[in-house]
2 protein chains.
Amino acid sequence: MSSKYPAGRLPEPPSPIADDGDETHFCGTCAFSSACIAAGYDKPELAELQCLVEHVGPFRAGEHIFRTGDPFRAIFAVRGGTVKTRMVDKEGREQVLGFYLPGEVIGLNAIYPEHFPCDAVALDTAFFCRFSFPAMSALAARVPAVQQHLFRMLSKELGTASLLAGDHSADERVAAFLMDLASRYAARGFSATRFHLSMSRGDIANYLRLAAETVSRVLSRFRNQKLIQIEGRELHLLDPAGLRKIGQALLPD
Amino acid sequence: MSSKYPAGRLPEPPSPIADDGDETHFCGTCAFSSACIAAGYDKPELAELQCLVEHVGPFRAGEHIFRTGDPFRAIFAVRGGTVKTRMVDKEGREQVLGFYLPGEVIGLNAIYPEHFPCDAVALDTAFFCRFSFPAMSALAARVPAVQQHLFRMLSKELGTASLLAGDHSADERVAAFLMDLASRYAARGFSATRFHLSMSRGDIANYLRLAAETVSRVLSRFRNQKLIQIEGRELHLLDPAGLRKIGQALLPD
DNA sequence: CGCGCCTTTGACATCGGTCAACTTTAGTGG
DNA sequence: CCACTAAAGTTGACCGATGTCAAAGGCGCG
């Protein structure tokens, strides 16, 4: 499946979920696949996972998967495409909280408040597995691997503030952002050196707490330094080691 | 119990856990009390909660509750005192991740990596309930209220990035920080307008991504504007509404 | 084809960081 | 109880990275 999306760009929308394999196999990039494997594909519990999951989409760029204030009933695993989550304060200023790639999960921050605390907006054509949360927690109580998986996903997301931490220069932030995207694409089997930026410079800037102009300038500088090749939103990391060094203070290891 | 700590300041250390009540009651400020109540104090499950909890402390100011890299075995609920969590990057720069007051829980971000990703350091004399996490998740599988409580705690912590979000002025950040502390103290039954700042200006600044001098200047300005009264680390909020207005972009509601 | 949004680049302004000096507080030992 | 020291906090002067404003070009979409 991943080979169909060589640069994170989706093919044309028609009949997009068709090749999802037989009913007892979820998409290979699904964030829950490890839980499924742990439970064993032939166990009766799997039938229940089948019941509580629902394929939704396509959502086109700009469409909402959920909105601030919507009652929380389910979490969503990205099957294809890209999503940004954002909050909009009462003065109307947008604050981008994160970007989510295939295999990643959105909506976990809505469990406690029981309403979504943010919007989720598709950045390109996107598809999801929708998991009913009440059904999911009921299953978790009977299948330890599912419970553990939920705990781990929640805990993992707690460690995601790193890119925003500290008073770091624009260069550090942008370099770390690119390397973070690269490693997340790599973790799902996509290329770690060539991919498409589904989000605008403005979204990147907002997420990194910079001005759009600053992001643009940094990217231009990186290009001049032969660290990257970039044309519009098509990105090629020419010197990942160099970028990693620049962003090291913000990156794991 | 909370009435013993009128301004978040602890009494002298000797025999500090003595008045913890009988064995079937945890401290009233404990983050788990709602789970205990949900399960019912007389249920047999409570005996198991008793088994997996362990009172630890006192830790003196500067002592570590856990360190980066320690294997994850338990989470800690603050029973008294204050804690900061922090990461130290390889250049030795400290990054304060958060402050934790009585009733709040630390260590949740270690579930996924299975090792603590940060240090936890006592800011004053501090006590904890230590919950074995393996025992806790086993119990969660059998007691839905405990599972739900864990999910909610994890999810709640996901929403805690707000104070650091966005490109906001130093005034906004400091005002929001003070109001956030006030509401957290209030939620635990302490005064919302008078409390002790257990952390240094440097820690506050680091947490808010400012320089210590900036925090000092902002606090001085707030004092001149009669928004607060502050003497050393003793704080009195004279105009909470005014502070809330300044920090509104970063505060809930 | 034309409109709007995104992106790039330049000129300038500013908030907050850095450096430095000084004061205050807390801790230690005589 | 006081003297001494180190750390924390305050305040001022200066400077630089980044935001803001502006203009122009490019790209996609209707």
Side-chain angles (χ1 to χ4, degrees), chain A residues 9-10 12-13 60-63 82 84 93-96 121 123-125 164 166-175 177 196-225 228-235 246 249, chain B residues 9-10 12-13 60-63 84 93-96 121 123-125 164 166-177 196-225 228-235 246 249:
Chain A
R9 168 172 278 175
L10 283 165
E12 286 311 301
R60 298 309 188 82
E63 291 182 347
T82 318
K84 71 172 172 185
R93 287 175 301 203
E94 179 176 4
Q95 173 62 56
V96 174
V121 183
L123 293 174
D124 45 28
T125 305
L164 312 168
D167 60 331
H168 294 283
S169 71
D171 284 28
E172 289 178 283
R173 276 175 219 250
V174 174
F177 174 73
H196 178 81
L197 296 172
S198 350
M199 66 295 288
S200 71
R201 305 287 193 272
D203 282 338
I204 297 172
N206 187 307
Y207 175 64
L208 297 176
R209 291 79 176 104
L210 297 169
E213 294 91 329
T214 303
V215 170
S216 188
R217 275 186 258 266
V218 172
L219 290 175
S220 297
R221 196 169 336 117
F222 284 176
R223 174 170 43 207
N224 294 338
Q225 295 167 190
I228 63 174
Q229 193 177 312
I230 189 167
E231 207 181 313
R233 297 187 180 182
E234 291 304 326
L235 180 64
I246 294 173
Chain B
R9 168 171 277 173
L10 284 165
E12 285 311 302
R60 297 311 188 83
E63 291 181 347
K84 70 172 172 184
R93 286 175 301 203
E94 178 177 4
Q95 173 62 55
V96 174
V121 183
L123 293 175
D124 46 25
T125 305
L164 313 169
D167 60 331
H168 293 283
S169 71
D171 283 27
E172 287 178 285
R173 274 176 221 248
V174 174
F177 174 73
H196 179 81
L197 296 172
S198 349
M199 66 296 287
S200 70
R201 304 286 193 273
D203 283 337
I204 297 172
N206 186 306
Y207 175 65
L208 298 177
R209 291 77 176 108
L210 298 169
E213 294 92 327
T214 303
V215 170
S216 188
R217 273 186 259 267
V218 172
L219 289 175
S220 297
R221 196 171 332 121
F222 283 177
R223 175 170 42 206
N224 294 338
Q225 296 168 189
I228 63 173
Q229 193 176 312
I230 188 168
E231 208 181 312
R233 297 186 179 183
E234 291 304 326
L235 181 64
I246 294 172

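So you know, we letter chains A, B, ... as the sequences are listed, proteins then strands, and number each from 1.
- Nucleic acid contact class of B:G232 (heavy atoms, under 4.0 Å, all strands): none.
- Atoms CD1 (A:I228) and P (C:dT7) sit 13 Å apart, rounded to a whole Å.
- Atom CG in B:L123 sits roughly 12 Å away from atom P in D:dA8 (whole-Å rounding).
- Within the 4.0 angstrom heavy-atom criterion, only backbone atoms of the sugar-phosphate kind lie near A:R233; the bases stay farther away.
- Whole-Å rounding puts the B:R173 CZ to C:dC15 C1' distance at 12 Å.
- Side-chain N or O atoms of A:R209 include none that pairs as donor or acceptor with a backbone N or O of B:D167 at under 3.5 Å.
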Does B:F222 form a side-chain contact (heavy atoms from CB on, under 4.5 Å) with B:I246? I'd like the steps, not just the answer. CA-CA 11 Å; B:F222 283 177; B:I246 294 172; 4.1 Å; yes
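- The backbone N or O of A:E231 lies less than 3.5 Å from no partner atom in the side chain of A:E234, so there is not a single donor-acceptor pair.
- Taking every side-chain heavy atom of A:S200 into account, C:dT7 is the closest of C:dT7, C:dT9, C:dG16.
- A:N206 places a side-chain N or O within donor-acceptor distance of the main-chain N or O of A:E94, the cut-off being under 3.5 Å.
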Please evaluate residues A:L197 and A:I230 with respect to the criterion side-chain contact (heavy atoms from CB on, under 4.5 Å), reporting the C-alpha separation (whole Å), side-chain torsions for both, the decisive distance (0.1 Å), and the verdict. CA-CA 10 Å; A:L197 296 172; A:I230 189 167; 4.1 Å; yes
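- One finds a side-chain N or O of A:R201 lying less than 4.0 angstrom from the OP1 or OP2 phosphate oxygen of C:dT7.
- When atom types are taken as modelled, the side chain of A:S220 and the backbone of A:S216 share a donor-acceptor pair closer than 3.5 angstrom.
- Taking only side-chain nitrogens and oxygens, A:S220 comes nearer than 4.0 Å to OP1 or OP2 of C:dT9.
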If the sugar-phosphate is the primed atoms plus P, OP1 and OP2 and the base is the rest, what is the B/S/- string for nucleotides 19-30 of chain D, using protein heavy atoms under 4.0 Å? SBB---------
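- Taking atom CG of A:D203 as the reference point, atom P of C:dC5 lies 14 Å away to the nearest angstrom.
- Rounded to whole Å, the distance from CD on B:E234 to P on C:dT25 is 13 Å.
- Taking atom CG of residue A:D171 and atom P of nucleotide D:dA17, one finds them 10 Å apart after rounding to whole Å.
- Regarding A:E231, its CD atom lies at a distance of 11 Å from the P atom of C:dT8, rounded to whole Å.
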Can A:L208 and A:T214 be said to form a side-chain contact (heavy atoms from CB on, under 4.5 Å), step by step? CA-CA 10 Å; A:L208 297 176; A:T214 303; over 6 Å; no
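- Between A:L197 atom CG and C:dC6 atom P there is a gap of 15 Å when expressed in whole angstrom units.
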